[in-house]
Amino acid sequence: MLDQRLLRDNPELISQQLGRRGLVLDLSDLQAIARRERDLEEQRSALQAEGNRIGKEVGQRIQGGASASGPEVQELREQGNRIKHEVAALEEQEKALEQQLRQQLLALPNLPSPLTPDGRDEADNVVVREWGDPRREPGLQEHWEIADRLGLIDTERSTRIAQSRFVTLLGQGARLERALISFMLDLHGTKGYLEVLPPVLVNTASLTGSGQLPKFAEESFRCADDDLWLTPTAEVPLTSLHRDEVIPADQLPIRYAAYSPCFRREAGSYGRDTRGLIRLHQFNKVELYWFCRPEESEAAHEQLTRDAEAVLEALELPYRRLELCSGDLGFSAARTYDLEVWLAGAGTYREISSCSTCSDFQARRAAIRMKEGKGTQLLHTLNGSGLAIGRTMAALLENGQQADGSVRLPAVLAPYLGHDRLLPPA
RNA sequence: GGAGAGGUGGCCGAGUGGUCGAAGGCGCAGCACUGGAAAUGCUGUAUAGGGGCAACUCUAUCGAGGGUUCGAAUCCCUCCCUCUCCGCCA
């Protein structure tokens, strides 16, 4: 959420910055609402002060011996009553405005960072760096073909169990998935991340705090009988881990690495990536998350991204880092690096991680502050995949495929699997 | 799901209609005392929003929302949450 004070004082700045995202907004009405709300608050609190004064005087007079039903006390009571009603009327208006304001503010995305390059859409994203040596031989298989051939996944039967866009992992496939989760959590653990296994059913407040609601309700699965949703990413529970808290500044930065299954409706992507492990309603992910001081967030963003890249490098997967342009930023992000892994079979790079700094946007929504000396201030939050497990497996299969039909796996996984090669079933 | 108990400041804990943002204690910070420390003493120590250059000041907040009242932490209603016991259960 954006700062109401900024809205009151400088709505042009907001429109201009959101303009970089491609939004055309006239915020003068919203500004008027914000100002009117503040004026009402002023009026109301002055009236309340008067009411408090009268209440005290009544008490003093009665205790001083005046009759509770005497004329002067009676007069004060009537005054008090009148004020009470006026206050109630003002409060009603104020609440209505407040609600309107909040509702509209919650629907506005974050301001892009000054460091975010301008651009319309993904075509304007900037390749920042490339790592590794992509295989480009002809005749390489795509991951679902390999997975199918090696008996790692069963897509068809998953439809029977659930729907399309679900996958069941079998045998070596299930083991590899589990190994990747463990490997990533272990790796991040050595870098100071605290491992977290959060609830994957989250309430509305949690989804609102991290920015998925109210705008993107159609992207999440909801439980009909409860105020609970299936989380689309561990970013949601991790943000709310500290919702409504004031954190002593000397405890920052706080860093978490969480494994969770993630659930997404993938509305509007019919027909895209229908095969394999790329786009599923349920997938596994290890998520990295930072809470830090505002002045640290830029460096934190680089570090978090490096920590995600370290996974790809350890797994010997070629990748490139993109900096998203202003028009391609996610709702809560001020600045984002996407990591794209090379898929040798498909012959393309595919997103495998998205590392964002959200400035104080989520912190304001979720009321997460830090305390240093006296007074509190909003902190900054950052998140990034480290990494999406299914896409990692896809990359390992495509990049590691061998002429003999086996798949060579990176050495770092051997301790988890007991071998470094997937062989076709005998 | 059934029965009961309870939700007060960073923590513990008083407070059943009147000047209570809230006694007392602990913790924390500053000062004094000390060679230094402990102990002791004094002072201070919530959050949000508004006004003010500032000192400061106004309003709200005792789980949440509504009600009674001139006035509510205290009374009434609804809801949420926590704990204990029973049932069920991985």
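For the numbers below, each heavy atom of this structure counts, side chains included, while hydrogens, waters and symmetry mates do not. In what follows, chains carry the letters A, B, and so on, assigned in the order in which the sequence lines appear, proteins first and then strands, with residues in each chain numbered from 1.
- The shortest distance between side-chain heavy atoms of A/Leu25 and A/Leu108 falls below 4.5 Å.
- The partner of B/U19, taking Watson-Crick or G-U wobble pairs whose two distances both stay under 3.5 Å, does not exist in any strand shown.
- Scanning residues 46-57 of chain A for heavy-atom distances under 4.0 Å to RNA chain B yields A/Gln48, A/Ala49, A/Asn52, A/Gly55.
- B/U69 and B/G10 have their C1' atoms separated by 35 Å, given to the nearest Å.
- Rounded to an integer number of Å, the gap from CD of A/Gln60 to C1' of B/G71 is 12 Å.
- Here the separation of B/U74 from B/U68, taken at their P atoms, is 15 Å to the nearest Å.
- In summary, the side chains of A/Gln362 and A/Glu235 do present a donor paired with an acceptor at a separation below 3.5 Å, with no hydrogens or angles considered.
- As the counterpart of B/G71, no nucleotide is assigned, since no Watson-Crick or G-U wobble pattern has both distances under 3.5 Å.
- Per the geometry, NZ belonging to A/Lys84 stands 10 Å off C1' belonging to B/G67, to the nearest Å.
- Using Watson-Crick or G-U wobble geometry with both donor-acceptor distances under 3.5 Å, B/G24 finds its partner in B/C12.
- Atom CG in A/Leu40 sits roughly 16 Å away from atom C1' in B/A60 (whole-Å rounding).
- What separates CG of A/Asn203 from P of B/C80 is a distance of 14 Å, to the nearest Å.
- Toward the 5′ end of RNA chain B lies the nearest nucleotide of A/Arg369, the other residue of the pair A/Ser45 and A/Arg369 mapping further downstream.
- Between A/Leu343 and A/Ile278 the shortest side-chain heavy-atom distance falls below 4.5 Å.
- Side-chain atoms of A/Glu42 lie closest to B/G50 of the nucleotides B/G50, B/C70, B/G66.
- Of the side-chain N and O atoms in A/Arg44, none sit less than 4.0 angstrom from OP1 or OP2 of B/G49.
- Rounded to the nearest Å, the gap between the C1' atom of B/U84 and that of B/A32 is 50 Å.
- For A/Glu98 and B/G50, the CD to C1' distance is 13 Å, given to the nearest whole Å.
- Base pairing analysis places B/G87 opposite nothing; no Watson-Crick or G-U wobble pair with both distances below 3.5 Å involves it.
- Base engagement by A/Glu41 is indicated by at least one non-hydrogen atom pair under 4.0 Å involving a base atom.
- Using the six-membered ring where Trp is involved, A/Tyr337 and A/His301 have ring planes that are parallel, under 30° apart on the 30 and 60° scheme.
- Nucleotide B/C53 forms no Watson-Crick or G-U wobble pair with any nucleotide shown, as no partner meets the under 3.5 Å limit on both distances.
- Across all strands shown, B/U82 pairs with B/A5; the Watson-Crick or G-U wobble distances both stay below 3.5 Å.
- With a 4.5 Å cut-off on side-chain heavy atoms, A/Trp229 and A/Thr204 count as touching.
- Between A/Thr116 and A/Ser326, the side chains place no donor N or O within less than 3.5 Å of an acceptor N or O (distance only, hydrogens not considered).
- Across the protein-nucleic acid pair, A/Arg77 atom CZ and B/U69 atom P stand 11 Å apart, rounded to whole Å.
- Residue A/Lys371 places at least one side-chain N or O under 4.0 Å from the OP1 or OP2 atom of B/U47.
- Residue A/Glu37 contributes atom CD, which lies 13 Å from atom C1' of B/A48 at whole-angstrom precision.
- Contact annotation for A/Ile62: base contact, defined as any heavy-atom pair under 4.0 Å involving a base atom.
- Residues A/Ser269 and A/Arg279 are in side-chain contact: their nearest non-hydrogen atoms beyond the backbone lie under 4.5 Å apart.
- Spacing between B/G15 and B/C20 at atom C1', rounded to whole Å, works out to 9 Å.
- In summary, the side chains of A/Tyr289 and A/Thr239 do present a donor paired with an acceptor at a separation below 3.5 Å, with no hydrogens or angles considered.
- A/Leu180 places none of its side-chain heavy atoms less than 4.5 Å from the side chain of A/Asn284.
- Side-chain atoms of A/Arg38 lie closest to B/G50 of the nucleotides B/G65, B/G50, B/U59.
- Side-chain atoms of A/Phe183 and A/Leu315, non-hydrogen and from C-beta on, do get closer than 4.5 Å to each other.
- In this structure, A/Arg8 reaches the sugar-phosphate backbone alone: every heavy-atom distance under 4.0 Å involves primed, P, OP1 or OP2 atoms, never a base.
- One C1' atom belongs to B/A14, the other to B/G9, and the distance between them is 13 Å to the nearest Å.
- Across the C1' atoms, B/G51 and B/U45 are found 25 Å apart, a figure rounded to whole Å.
- With rounding to whole Å, A/Glu245 atom CD is found 15 Å from B/U47 atom P.
- Pair assignment for B/C31: B/G41, on the basis of Watson-Crick or G-U wobble contacts that are both within less than 3.5 Å.
- Using atom C1' as the reference point in both B/G36 and B/G24, the two lie 33 Å apart (nearest Å).
- For the C1' atoms, the distance from B/U19 to B/G71 is 10 Å, rounded to whole Å.
- Between A/Glu78 and A/Gln377, the residue anchored nearer the 5' end of RNA chain B, judged by the nucleotide with its closest heavy atom, is A/Gln377.
- The nucleotide B/C62 finds no pairing partner, because no Watson-Crick or G-U wobble arrangement with both distances shorter than 3.5 Å includes it.
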